[in-house]
Amino acid sequence: MALVCSRMASAERLGFKTGSRGWEASRLCGAGCGSGGSGSLDMEFTGLYSTFSQNNEPSLFDSPAERYLKARQSVQRFTVTQLGLAIFSNENSNEYVVHSYNFFLFPSTLGVTDVEFNLSASSIQFLSHYGFDYNKFLKDGIPYMNEVQEKILSQHLLAGSWKVSSALDRDMLKKAVDEVTSWITAAEEEETMILQDLSGFQVFEVQLVLRQALQNVWTQPLGDKKVMVKKVSPQRRQLLENSPYDCCQKELILLSARGFTNLFQTLVKAKKPLVGHNMLMDLMHLHDKFYKPLPESYDEFKRNIHNLFPVLIDTKTVTKSIWKKYLFPRVSNLSEVYAVLCSSNLNPREPPGPVIALASDCAKYAEKKSPHEAGYDAFLCGSVLLKSAHLLLYRSTDDAVEADHSFSQYLTVLAEYLNKVNFIRGGVSSINFSGEDPPCHYPPLLVVHVQGWPGLNERQIYQEFKALCRFDVRRLSKNQFILLASKFKHVRLVLRDYKHHPHLRISVYRHWRHSPLVNCLLQVSGIVALWSLLAFVLGGAPRCSF
């Protein structure tokens, strides 16, 4: 059995350099996606929530569909910087050996489409604080593209309408074309020259441009950064173009341009469980960057993800349930969750959980904590899943439980959490990717009526209550605001502590009393009734005539 799990992850351990554009995704998937395996992906981004449009931040008022539309705008504006993968191999009984991988990613620049993305200052600062290597992201990032981008590239390759979008590549191509055109006039047939210091897709681009511009040359790559140019006759050129060994065939170019998408497609074909921690944004980026642009329909997004990955396991959903069931300390981030589950004080009487050992080439994670480093977070995520499943299995039965369990037993005890992805700050606790979402369930709404405090806005109301508890605020009318809390106890606190406030009168929201629509209808009904009464009084009672 092998468990594949991640939170972020460098591709050197796969047998190719991060700057390499061609590689076999099956090499990695073959290592971790066997008959008993599962997979998890988690990413770091250039930003989380875009401020391009107003009110785009998550709110307690959001339904899952509303939150999706907000997050969709952000996913479309930001990109993936790093992705992690960790493989948990079940060696003996209940022992697992972990191999971690890091992938720096950068959008494909091959073809006619120039991808644009935003940077969030806070996100960049956060990653920099934890030692993120932006040089590797920008210079050596593995390319990727979704199906729509690939289709556009394929059409242009077939039509021969090749265009270079990168200014850097255009400068390189101009220099290469000048060198070749100066050389070829005096060159003999079958004579060759070498173009050097090419990087990434430049090896493909220079060949495509030269072949399109000059009918009497042939090109062939030599290693990663060199291209051989040969002067040939038109007849020889035609034979070489039809050769199955041509390195510039459309299929090979597309394979290179897809880059990391090849691995994504292999993971999809494997149909293994996908494990992550707080993974909604990860799933949206997976869909948008490696599959198709995110649809407008929330239900279509859910269906697509379920078709791609029929089994999802969000360790945030699992651990939230554990804290509620067994009254363990509630912690937020992945490192804290891992520390609590590893604590010897959790329950000394329980049999030991699965033994998790890092492989020799990942041993640094056993010696030093590296929060928000890809491979380390991948290791934490998979460990949390195994330890949580062991805990649930032990506490779900009254019979004596052996220390050694199979991974299939762990999946059985996790059944109620499958395809339930954590929903942050909303009316539901999780999103169900294999069916209907549960109905939204909120604490009672509160109405704040402002008296003698002119000009108060939503931000000021939020600041007023922030010290006491967490609320989201919406304006109801000129002098009224609605408060929505995440917990019932916060509602009770506010009603108690603001009972005698000189400027703010707090009450529970009643639709028939506070709704602007209901109030409008009541006012209109009152006016109509008043005019009817006046008409009756002024007109007098009708007389009967005989």
Would N118 and T79 satisfy side-chain contact (heavy atoms from CB on, under 4.5 Å), going step by step from the backbone distance to the final call? CA-CA 8 Å; N118 285 6; T79 196; over 6 Å; no
Taking side chain as C-beta onward, heavy atoms only, is [X] less than 4.5 Å from [Y]?
X	Y	value
P64	C440	yes
P295	Y68	yes
P310	K271	yes
V98	I87	no
P143	L110	no

Exercise. Would you please indicate if the ring centroids of Y365 and Y376 are separated by under 6.0 Å?
Key: yes
Exercise. Mind checking whether H372 and F126 have ring centres under 6.0 Å apart?
Worked result: yes
Would you compute the distance between atom [atom1] of [X] and atom [atom2] of [Y] and round it to the nearest 0.5 angstrom?
X	Y	atom1	atom2	result
D171	K175	CG	NZ	10.5 Å
Y49	E57	OH	CD	9.5 Å
N422	N278	CG	CG	4.5 Å
M228	I194	CE	CD1	6.5 Å
T412	L418	OG1	CG	9.5 Å

From the list Y134, F132, F137, ring pair (Phe, Tyr, Trp, His ring centres under 6.0 Å) partner of F104 resolves to F132
The single option from F264, F290, Y291, F260 that satisfies ring pair (Phe, Tyr, Trp, His ring centres under 6.0 Å) with Y144 is F290
TODO: Show the numbers, then the answer: is there a side-chain contact (heavy atoms from CB on, under 4.5 Å) between L48 and F78?
DONE: CA-CA 7 Å; L48 287 177; F78 296 117; 5.9 Å; no
request  = Answer yes or no: are there more than 12 heavy-atom neighbours, outside Q155 itself, under 6.0 Å from its atom CD?
outcome  = yes
| said: Ring-plane angle category for F301 and H287, please: parallel below 30°, perpendicular beyond 60°, tilted otherwise. | reply: tilted
Looking only at atom types and distance, does a side-chain atom of [X] sit under 3.5 Å from a main-chain N or O of [Y], one as donor and one as acceptor?
X	Y	value
N262	L255	yes
S100	F379	no
T319	K316	yes
R237	W218	no

Would you mind listing every salt bridge (Lys or Arg N to Asp or Glu O under 4.0 Å) that reaches into [range], with sequence neighbours excluded?
range	value
residues 412-426	K325-E416, R425-D472
residues 59-85	D62-R67, D62-K70
residues 244-262	E150-R258, R211-D246

Side chain to side chain contact (heavy atoms under 4.5 Å, CB included) filter on P221, not counting sequence neighbours, yields V203, Q207, C247
Residues at least two apart in sequence or cross-chain that pass side chain to side chain contact (heavy atoms under 4.5 Å, CB included) with A65, listed by chain then number, are S63, Y298
Taken in chain and number order and not counting sequence neighbours, the residues that satisfy salt bridge (charged side-chain N to carboxylate O under 4.0 Å, His left out) with D178 are K174
